[in-house]
Participant: 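There's a structure below that I have some questions on.
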Amino acid sequence: MKNKYYISLLAFLLISVLLTDCKSAKKALKQGNYDQSVLLAVEKLRSNDQHRNSPEILKNAYHGALQQHLNAIDKNQSGSDPYRWEAILNDYQALNKLYDAISTCQICTELTEAKSYYNEEQSAREKATDVRYQEGNRLLKTGGRDHARKAFEHFEKVNSLTANYKNVNSLLSEAYEEASFKVVVEQVLVTSKRYQLSNEYFQQEIDNFLQTNKNLNKFVRFYTPEEATTEKLTPDHVITLQFDDFTVGQTVIDRHTKTVEKDSIKVGEKKVRDRMVPVYEKVKADFTTHKKLIHSSGLLDVAIREFQQNKLVQNKKFEGSFDWFCEWGTYKGDERALTPDLKKLSQVREQNPPPPQQLFVEFSKPIYNQLTAYLRNFYAGY
């Protein structure tokens with residue numbers, strides 16, 4: 001009985017799917033979505049070549065798609081847009097997609113005389129590619145950063161149309177070199193008469209940022225001084241980073257003492273009328289809470305200059321801080337007067353603060369976040 005139920009359910013679901021697909025193909029046809037209607041009808045006939053409505057839908061949809069694309073091709077061919085061959089290519093690709101789909105379905109090939117346009121597609125691709133290639137060359141030879149950027153985009157399009165077309169890869173490199181805005185970020189300076197602090201952590205973070213964000217936008221490139229020297233480049237901007245004001249390990253200690261008491265605490269026993277009875281008294285203790293705060297803060301000076309004219313473009317300062325905190329307790333008197341929290345705090349011992357180098361690292365972390373956000377925003381429009 002269960003088997004009959006499952007078979008009936010499966011048949012119902014299959015019929016539902018078939019009807020849905022048929023309605024979808026028919027709906028697409030009515031809406032003028034001829035390509036979609038063809039593909040849906042082909043899919044239906046591929047799984048069921050006896051499907052009632054799909055043959056008529058396929059014939060009408062393919063005829064509509066063919067006329068739609070050929071009309072668009074004719075219109076573009078007679079136009080003056082220099083990049084019209086890309087639109088023509090898209091239409092030939094669409095027609096060949098329909099041809100490929102129909103070719104995989106035997107009944108579909110009998111119902112329609114689908115035609116391939118592979119030669120026409122290739123011809124349109126070659127013309128579209130050459131137009132972009134020639135325009136890119138013209139712009140690159142004109143000179144100037146703006147022209148080079150436009151040329152680079154044309155050469156990118158060439159590669160997307162026809163990979164490795166002629167010498168396009170070398171032209172891409174040439175155009176990018178001319179188009180890019182080059183920024184050298186100098187080593188981070190740390191000046192301190194009191195501490196021998198290392199900028200290693202902060203410098204490493206900056207280097208990692210530059211390495212993973214070589215291009216904050218398409219044409220802005222960041223270099224370390226070593227890279228700039230190796231490539232013998234002339235930068236557009238030079239960024240100088242310097243910690244010119246900072247405090248490490250400024251200590252503030254706060255102590256607060258209070259008296260705590262508890263009533264009815266058993267302190268012993270005494271004999272009353274031949275029996276021992278507990279003795280209760282009030283107990284107290286003087287509890288001192290010790291708090292140690294180690295404050296560290298610093299100021300990073302960021303100067304962006306035009307390299308050739310040594311002109312200051314922008315100067316910003318970013319501040320960061322870090323507070324290390326330690327709390328413990330001591331008491332004099334009866335421990336039984338302490339609350340559970342005070343007893344726990346009394347078991348904590350004074351801790352040694354991190355060394356100055358670690359404190360320097362900690363207050364520099366928020367500065368790094370501010371700096372990288374600033375660089376992203378500042379160079380977004382370059």
Side-chain angles (χ1 to χ4, degrees), residues 18 21-138 150-151 153-169 171-172:
L18 295 177
D21 285 347
C22 180
K23 288 179 180 179
S24 297
K26 188 175 182 179
K27 182 178 179 181
L29 177 62
K30 286 184 176 181
Q31 293 176 342
N33 299 326
Y34 300 119
D35 290 38
Q36 183 184 9
S37 182
V38 169
L39 297 174
L40 289 171
V42 167
E43 188 63 30
K44 177 47 51 207
L45 288 166
R46 190 184 290 122
S47 59
N48 178 18
D49 59 9
Q50 300 299 317
H51 194 264
R52 185 178 60 182
N53 296 324
S54 291
E56 191 65 24
I57 293 173
L58 175 61
K59 287 189 284 187
N60 291 333
Y62 182 73
H63 176 75
L66 183 64
Q67 292 304 312
Q68 190 177 63
H69 288 297
L70 291 179
N71 288 341
I73 290 169
D74 288 341
K75 182 178 180 180
N76 280 312
Q77 282 181 332
S78 61
S80 58
D81 184 354
Y83 308 115
R84 62 188 180 277
W85 292 105
E86 292 172 31
I88 293 170
L89 172 62
N90 291 336
D91 281 301
Y92 280 130
Q93 286 178 317
L95 286 172
N96 284 328
K97 181 179 179 180
L98 299 182
Y99 174 79
D100 291 341
I102 291 171
S103 297
T104 61
C105 169
Q106 180 61 38
I107 185 64
C108 299
T109 59
E110 297 172 3
L111 292 168
T112 59
E113 294 183 1
K115 180 183 177 182
S116 68
Y117 290 88
Y118 295 121
N119 291 335
E120 290 84 352
E121 178 184 333
Q122 182 58 30
S123 176
R125 183 183 302 279
E126 291 172 357
K127 292 174 181 177
T129 302
D130 190 62
V131 166
R132 291 285 185 175
Y133 179 82
Q134 297 299 337
E135 181 62 10
N137 261 310
R138 184 189 71 79
K150 292 176 182 177
E153 291 173 353
H154 282 294
F155 293 139
E156 278 191 318
K157 187 65 178 179
V158 167
N159 248 344
S160 70
L161 290 167
T162 306
N164 303 317
Y165 183 77
K166 295 183 179 180
N167 62 334
V168 69
N169 289 323
L171 290 174
L172 270 168

Participant: Do you know the tightest heavy-atom contact between A28 and Q36?
Facilitator: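 In terms of heavy atoms, the two residues are closest at CB-OE1, 4.0 Å.
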
Participant: State whether a side-chain donor-acceptor pair under 3.5 Å links T162 with R125.
Facilitator: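 No, no side-chain donor-acceptor contact under 3.5 Å.
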
Participant: Of the non-hydrogen atoms in H154 and G136, which two are nearest, and what is the gap between them?
Facilitator: CB-CA, 3.9 Å

Participant: Quick one: CG on N96 to CD on Q122, what's the gap to the nearest 0.5 Å?
Facilitator: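 Answer for the CG-CD pair, N96 versus Q122, is 11.0 Å.
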
Participant: In terms of heavy-atom contacts, does CD of Q31 have more than 12 from other residues, nucleotides or ligands at under 6.0 Å?
Facilitator: yes

Participant: Run the salt-bridge test on E153 and K157 with the 4.0 Å N-O cut-off and return the result as yes or no.
Facilitator: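 No salt bridge links E153 with K157.
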
Participant: Do K30 and K27 have side chains that approach each other closer than 4.5 Å (heavy atoms only, starting at C-beta)?
Facilitator: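 K30 vs K27: side chains apart.
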
Participant: Less than 4.5 Å apart, any side-chain heavy atom of K26 and any of N53?
Facilitator: no

Participant: Taking the six-membered ring of Y133, is the NZ or CZ of K166 close enough (under 6.0 Å from the centre) and on axis enough (within 45°)?
Facilitator: yes

Participant: Considering non-hydrogen atoms only, spot the tightest contact between A65 and L98 and give its length.
Facilitator: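 Shortest heavy-atom contact: CB-CD1, 3.6 Å.
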
Participant: Does any non-hydrogen side-chain atom of C105 lie less than 4.5 Å from one of I107?
Facilitator: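 Yes; the side chains approach each other to less than 4.5 Å.
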
Participant: Quick check on side-chain contact (heavy atoms from CB on, under 4.5 Å): which of V158, N159, L171 does Y165 satisfy it with?
Facilitator: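 Considering V158, N159, L171, a side-chain contact (heavy atoms from CB on, under 4.5 Å) with Y165 is found only for V158.
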
Participant: Heavy atoms only: give me the nearest L29-S37 pair and the separation to one decimal.
Facilitator: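 So the two residues come closest at CB-OG, 3.5 Å.
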
Participant: Let me see the working for N76 and D81 under side chain to side chain donor-acceptor pair (under 3.5 Å), right down to the final yes or no.
Facilitator: CA-CA 8 Å; N76 280 312; D81 184 354; over 6 Å; no

Participant: Taking S47 for its side chain and K44 for its backbone only, find out whether a donor-acceptor pair lies under 3.5 Å.
Facilitator: yes

Participant: Working note: H69 + D35, criterion side chain to side chain donor-acceptor pair (under 3.5 Å); need CA distance, chi angles, decisive distance, verdict.
Facilitator: CA-CA 10 Å; H69 288 297; D35 290 38; 3.0 Å; yes

Participant: Rounded to the nearest 0.5 Å, what separation is found between the NZ atom of K59 and the CD atom of E113?
Facilitator: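 K59 NZ to E113 CD: 11.0 Å, rounded to 0.5 Å.
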
Participant: Shortest non-hydrogen contact from Y62 to K115?
Facilitator: OH-N, 3.1 Å

Participant: Are E135 and K150 close enough for a salt bridge, meaning some N to O gap below 4.0 Å?
Facilitator: no

Participant: Taking the side chain as every heavy atom from C-beta outward, state whether R46 and V42 have any pair of such atoms under 4.5 Å apart.
Facilitator: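 Sidechains of V42 and R46: in contact.
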
Participant: Apply salt bridge (charged side-chain N to carboxylate O under 4.0 Å, His left out) to the pair R132 and E86, showing each step before the final yes or no.
Facilitator: CA-CA 10 Å; R132 291 285 185 175; E86 292 172 31; 2.6 Å; yes

Participant: Which pair of non-hydrogen atoms, one from F155 and one from N137, has the smallest distance, and what is that distance?
Facilitator: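 The answer is CZ-N, 3.5 Å.
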
Participant: Between Y99 and L95, does the side-chain contact (heavy atoms from CB on, under 4.5 Å) criterion hold? Intermediate values first, please.
Facilitator: CA-CA 6 Å; Y99 174 79; L95 286 172; over 6 Å; no

